[in-house]
Amino acid sequence: MDLRLRGITHFYGDLEVLRDVDFGVEAGQIVCLIGPSGCGKSTLLRLLGGLERPAHGEILQLGAPPAGSLNPLTYVFQDFALLPWRTAAGNVSLVLEDHPLSRRERSEIVADVLARTKLSEFAQVLPRQLSGGMKQRVAIARALAVRPACLLMDEPLSALDSQTRELLLDDLVELWLRERFTACYVTHNLAEAVRLGHKVVVLSRRPGRIREIVEIDMPLEQRKHALAELQEQQSRLWELMREEAMAADRELADV
Amino acid sequence: MDLRLRGITHFYGDLEVLRDVDFGVEAGQIVCLIGPSGCGKSTLLRLLGGLERPAHGEILQLGAPPAGSLNPLTYVFQDFALLPWRTAAGNVSLVLEDHPLSRRERSEIVADVLARTKLSEFAQVLPRQLSGGMKQRVAIARALAVRPACLLMDEPLSALDSQTRELLLDDLVELWLRERFTACYVTHNLAEAVRLGHKVVVLSRRPGRIREIVEIDMPLEQRKHALAELQEQQSRLWELMREEAMAADRELADV
Amino acid sequence: MSDEALAERGAAGAAAPVARPVPFRGGGFAPRPMRLVGLVLFLVLLGLWELGSRTGWIGPLVLPAPTAVFEAFRQLVVSGQIWLHLGASLQRLLLGWFGGTLLGLLVGLAAGLFSMARAGVVPLVAALFPIPKIALLPLFIIWFGIGEESKVATILFGTFFPTVIAVYGGVDNVDRNLIRMGQSFGLSWLSIVRKIVLPGALPAILSGFRISAAIAIILLVAAEMIGAEYGIGAYILLAGNLMATDQLIAGVAILSMLGLAVSWLLGRAERYFLRWR
Amino acid sequence: MSDEALAERGAAGAAAPVARPVPFRGGGFAPRPMRLVGLVLFLVLLGLWELGSRTGWIGPLVLPAPTAVFEAFRQLVVSGQIWLHLGASLQRLLLGWFGGTLLGLLVGLAAGLFSMARAGVVPLVAALFPIPKIALLPLFIIWFGIGEESKVATILFGTFFPTVIAVYGGVDNVDRNLIRMGQSFGLSWLSIVRKIVLPGALPAILSGFRISAAIAIILLVAAEMIGAEYGIGAYILLAGNLMATDQLIAGVAILSMLGLAVSWLLGRAERYFLRWR
Amino acid sequence: HAEDKIVLGALRFTSHAPSFIAYERGYFKDEGLDVELKFFQAAQPIAVAIASGDVDFGVTALTGGFYSLADKGAVKVVGGLYAEKPGVPGMAIMASNQAWEAGLKSPADLKGHSWAMTQQGSSFHYVAGQIAAKYGFDLSDIALKPLQKVPAMIAAVKSGQVDAMAMVPHVAVPLEKAGAARIIGWVRDLGPWQVTTIFTSTGNVEKHRDLVERFLKAYEKGIADYRAAFLDPKADPAKKQAIVEIIHKYVYADKPLEAAAPSIEAGAVYMTEGAALDIADIAKQLAWFQKHGLAPESLTLDKMVDTSFVATTK
Ligand SMILES: Nc1ncnc2c1ncn2[C@@H]1O[C@H](COP(=O)(O)OP(=O)(O)OP(=O)(O)O)[C@@H](O)[C@H]1O
Ligand SMILES: Nc1ncnc2c1ncn2[C@@H]1O[C@H](COP(=O)(O)OP(=O)(O)OP(=O)(O)O)[C@@H](O)[C@H]1O
Ligand SMILES: [Mg+2]
Ligand SMILES: [Mg+2]
């Protein structure tokens, strides 16, 4: 299943947040979305997942989601969005409970995704006892449990300290190599973008328009050992964005 | 003024946090402190600034602070620690009000440090209207206002998004080149450590011991254009820490 | 075949590339205040009540008609009595509330800052808070006499405890990082309390004021049980004694409006003092 | 010259490299509960009070001696009357509090979830909350008679409003990101309310229970003004009528202990239900 | 010469009429007393206010609270006022319509019925005790309903929630006329009863006897005027009218005089001449209250009453 955005424009009241955004997410690809603070990245992702309705334009699912997908468009959030009153397993189970699955099927799925994210031993642990990295792993396990057609990830690593981020980035690459999931990945971090993205969509300042779409052809498995080469891509992206990032930084929030 | 730690060991209740830590911070140098989550970095910094008393060992100021220093050991915090009810200028002024300065002297100092951190136009703005990067700049201005002998910085950039972090890192380098301040800089981010540190102190997992002290001789002004070379240093540090970071990540918080 | 044509065919051609808009599943869970609805509901209720009274479905003993209540209120205004009552009550309210708040602030602050004070004050407050003030009225008369003192004291006692709780709760919730910041810059203890702790506790203190003000108004009737000739509470008590339900409800409505006015004022104060939020 | 020797010379040799330990400037601003102090203070106060009574410095009219209060309490226990009173009061408390809480939960939840309900309920609650229940006692007699109904109704009314406020405040404060997460996984509306909104609002609801329980106890005296033969409130009222200050204070102490017991129970409940925090 | 300032606690009831008469006609002034009238909503706080020193003199029924204050040495009875005895106006005993239908036709039938009163230890409670004593059943055979306030009692009997009560005549008669309840007897038929007394603080009795004497002298004149107007069948209508006008200043002041006058007249009760005190009945009351645990055991008649100021009747 592919996703296709056509001429998306969005407003909050009088504030134009997105203007005429147009791109596609093909199956099996990771599309990274970068742009300065407040340019509408999160908004765009919410539109993609049907959590908000665009003012103009349309967002289409092309093709049917793979059979057995319980929730084709599935989010991974920056703040993990785990229910603090449920254990790791409970948090995964939550998203299965509204589907017609037997208790056994459900616990099998839970055990399976926890194993795939190396969390089996943490099944019965409450979120507050987990480190940030572990929490995000639980959130990823939860996302995998509904067999998504496309993952919508909103800065999934930005709430983590940079060592944990490094570890999780490796895990994500490994996961992709194994499962070839489709994803739209929002980030501020250009290093993440060049490590994960098959395609990097660069947005301008608010109202967010597409400045450039950069394709990175190097296979994901090779990137870890070509950091210097990627550094070049990254520097190019940074040059594209630097001025706007600075301007966004100096912007006052309206009172 | 130099700082010298001798055989620092610290406990919280029965929990040993630091064991026999021993290093020095020489005037005009930036010492970076890295280590996995929960290894006692923040604790060490609190001990350095006299906010806590070590269980064993001693922390000495060698030499008198420079004349006119109002607060020799001055912190910059991860969460900015700005009073939300005071404007940028008010937050800077706060730390001068307990010193015998005339109103004019005070407002001159405030204006001066705001100018040095390129914040003059934001003097009358409340923190809530500022972006994270601007908030941390205000905190740095506040720290400069008391003419510190040594800055104690606890992950000053880790609450910022990575683009802003990049911008502020450049600002810090620039500031150091101009003012040659002394600093002890705690971070999780190895890239920051190799960009800023004259000396990088690597701590082990809790109880934090010193694993290695890495000296980086390349002058700060050159580092921006030698990212590839630094990447090597950084990869070496990461190899040193990777295992421990992973273990720290998988640790359960005691209930 | 165009995407649009495919979209028409819907899920039927499962294997072929179908284009469907992403289904919307957000929204909700964000109730907004709609001023008009509240007003309309209020008027409808009033209308039904009047209708019930007129048709005799609601007996006059059970509830007087809104018009009767309004008439009682009008009488009160026309005769000028309302100002006597309001004046007396407001004076008691202000004195009692102000005294209770001031004492509560001091004690609450002490409990928030010093272990010793906390250890002494907290259990005492916990034990004395749930004591009904009406139960103590006979003692209040002996302690403070039957003049204004005992009435003010009743309100003062009622507002003191919630203020203590709000203040030390507020001090507890001041961001410790800000206090540590103050210490790290060598600020004096007094500066830290004045410039960091107090403003930081202000939101909690102000919301404590809402509670203590509501309690003060509720206690007005109890306070004016002690030989008050004037005052809204005394007016209500007298109306109750005479079973003059129209006056009773009019008095209660005045208290309710007083409560709304106080809460509006506090809302303004919050907006002013907490504009930094 | 070694650092240590330099340190000895202190600040005198300003230019030379002096070694001084970093001055300590942290600590404080973290009052800890010290159980013992509270107990000791309580005992000291009790001792002073007894002493004052014995020496006649506190007249028996002003305040009975603690021993007299204890004697009154002992009488109550020995005669077995206490169980009659406690039983009657607890039944009213439980019924009234339970009813008020249940209704408050429903209405508060509606106000927290639906714009329409919010618009109708919030202004009504704001207007009716500050109405003193004692003012309405004459009407309560007419509406609910002089049996248990009117007593329970008094407590029910008193607990309903704060529960509504706590519940819709709690619902408002549920992390919207969690709700959005639920929606994004296609959870049904009911699932979101049951599994996300309600548990998320639970801390606020439980702390609302503390307030409503305290109010219920305070209202006990008012409720038992209406023809109650047994009940702690009735016992206190009688003691007040008879100016039996020892019994009065004993009754008040029972209410205070009841309050402490309820707050202890709620503390346990919080620890159990909110162990995920 | 400087007048002695005293405070007199009062209720806006016709039973406090002598206070108003003595005040308005300057009888207190004549005795060199500068009296301030202090109004209360209920009788009980007057006694408490005397104990706290806010009030010097008061008039009230002998209630549980009063005995307790007397026992603590705070207040003392110095004279009598309103009394019930056969052949004079006084309180009625009423039954609700429902209870009447069901057979409650006289006080003797009260066994097993409910009884409205303000509080335990109030004079209404005592009446119930007297009924039980007279008709030979136990007080516990009556279900006592303390309702705090007289209007609550009336409302409860009117609506049939309580079966019976005692009530002052100017309320009782209109209630029966309106068909809201039935009068089934009179309190006076239960035997003589010293209902209210004049009292002051123990301090006044011990240290300012002269003041108490002067007060009582003035008060007795007020009583005499009242008796002449309301208890004398051959009373001069003009004199009566003058007294009604004085009382109207304080009671039913919100109604016009014409509307208030009948109620004021109907509210007339018997007041003993010269503030005489029925000491035997007071002893009987004290014993009853003590027997029911409503008055302290340690209280004696001597401690409670100073009989040296007025005549005592047996
Ligand atoms: N629900 C909303 N109502 C009104 N304005 C909103 C809303 N959500 C976002 N905005 C505004 O829309 C703009 C874009 O917000 P958005 O969160 O999409 O930006 P972003 O690119 O994700 O920013 P960041 O990098 O900080 O996450 C911002 O100016 C924000 O203030
Ligand atoms: N005030 C305290 N009381 C008790 N334990 C504490 C306290 N402060 C810190 N700790 C514990 O001491 C250990 C070290 O904490 P510290 O904050 O110094 O670590 P850190 O290296 O700064 O971690 P991070 O990288 O997460 O900032 C942790 O296990 C923490 O839980
Ligand atoms: Mg965002
Ligand atoms: Mg830290």
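Every chain is numbered from 1, with letters handed out A, B, ... down the list of sequences.
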Colleague: So, for P199(C) and W85(B), which heavy atoms are closest and what is the spacing to 0.1 Å?
Modeller: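 Looking at all heavy atoms of both residues, the shortest contact is CB-CE2, 3.2 Å.
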
Colleague: Taking all non-hydrogen atoms of both residues into account, name the closest pair between L126(B) and R275(C) and its distance.
Modeller: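 L126(B) and R275(C) have their closest heavy atoms at CD1-O, 4.3 Å.
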
Colleague: Apply the side-chain contact (heavy atoms from CB on, under 4.5 Å) test between F185(C) and each candidate in N71(B), L96(B), L70(B); give the one that qualifies.
Modeller: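 Between F185(C) and the candidates, side-chain contact (heavy atoms from CB on, under 4.5 Å) is satisfied uniquely by N71(B).
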
Colleague: Has R103(B) got more than 12 heavy atoms of other residues, nucleotides or ligands less than 6.0 Å from its CZ?
Modeller: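 Counting neighbours around CZ of R103(B), 12 or fewer heavy atoms of other residues, nucleotides or ligands fall under 6.0 Å, so no.
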
Colleague: Determine whether more than 12 heavy atoms belonging to other residues, nucleotides or ligands lie under 6.0 Å from atom CE of M116(C).
Modeller: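 Check fails, neighbour count at 12 or below.
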
Colleague: Heavy atoms, side chains only, cut-off 4.5 Å: are Y75(B) and R180(C) in contact?
Modeller: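 Of all side-chain heavy-atom pairs linking R180(C) with Y75(B), none is under 4.5 Å.
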
Colleague: Nearest 0.5 Å, what's the CG-CG distance between L82(B) and N177(C)?
Modeller: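 Here the rounded value is 11.5 Å.
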
Colleague: Just wondering, more than 12 heavy atoms not from F98(C) lying within 6.0 Å of its CZ?
Modeller: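 No, CZ of F98(C) has 12 or fewer neighbouring heavy atoms, counting only those of other groups under 6.0 Å.
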
Colleague: Are the side chains of M181(C) and L83(B) in contact, using a 4.5 Å heavy-atom criterion?
Modeller: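 A side-chain contact exists here, since the closest heavy-atom pair is under 4.5 Å.
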
Colleague: Rounded to the nearest 0.5 Å, what separates atom CZ in R86(B) from atom NZ in K195(C)?
Modeller: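 That separation rounds to 6.0 Å.
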
Colleague: Step through the shown structure and confirm whether more than 12 heavy atoms of other residues, nucleotides or ligands are within 6.0 Å of CZ on R53(B).
Modeller: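 It does not: R53(B) CZ has 12 such atoms or fewer within range.
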
Colleague: Of the backbone (N, CA, C, O) and the side chain (C-beta and beyond), which part of V95(B) lies under 4.5 Å from a heavy atom of chain C, both, or neither?
Modeller: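 Both backbone and side chain of V95(B) come within 4.5 Å of chain C.
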
Colleague: Under 6.0 Å from the CZ atom of F273(C), do we count more than 12 heavy atoms belonging to anything else shown?
Modeller: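 At most 12 heavy atoms, drawn from other residues, nucleotides or ligands, come within 6.0 Å of this atom.
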
Colleague: Where is the tightest heavy-atom contact between L178(C) and P84(B), given as atom of each residue plus distance?
Modeller: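 Closest heavy-atom pair between L178(C) and P84(B): CD1-CD, 4.2 Å.
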
Colleague: Taking W276(C) for its side chain and R128(B) for its backbone only, find out whether a donor-acceptor pair lies under 3.5 Å.
Modeller: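 No, W276(C) side chain to R128(B) backbone: no donor-acceptor pair under 3.5 Å.
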
Colleague: Which atoms of I196(C) come close to chain B, meaning under 4.5 Å heavy atom to heavy atom: side chain ones, backbone ones, both, or neither?
Modeller: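 Both parts, backbone and side chain.
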
Colleague: For L73(B), is it the side chain, the backbone, both, or neither that has a heavy atom closer than 4.5 Å to a heavy atom of chain C?
Modeller: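 It is the backbone, since no side chain atom gets that close.
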
Colleague: Report which part of F77(B) has an atom under 4.5 Å of a heavy atom belonging to chain C: side chain, backbone, both, or neither.
Modeller: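 Answer is side chain: those atoms of F77(B) sit under 4.5 Å from chain C.
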
Colleague: By a 4.5 Å heavy-atom criterion (distance strictly below it), what part of R46(B) contacts chain C: side chain, backbone, both, or neither?
Modeller: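 Contact with chain C is through the side chain of R46(B) alone.
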
Colleague: Surrounding CH2 of W143(C) (heavy atoms of other residues, nucleotides or ligands, distance under 6.0 Å), is the total greater than 12?
Modeller: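 Enclosed: over 12 neighbouring heavy atoms sit under 6.0 Å from CH2 of W143(C).
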
Colleague: If you count the non-hydrogen atoms of other residues, nucleotides and ligands that lie under 6.0 Å from CZ in F42(C), is the total more than 12?
Modeller: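 Counting neighbours around CZ of F42(C), 12 or fewer heavy atoms of other residues, nucleotides or ligands fall under 6.0 Å, so no.
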
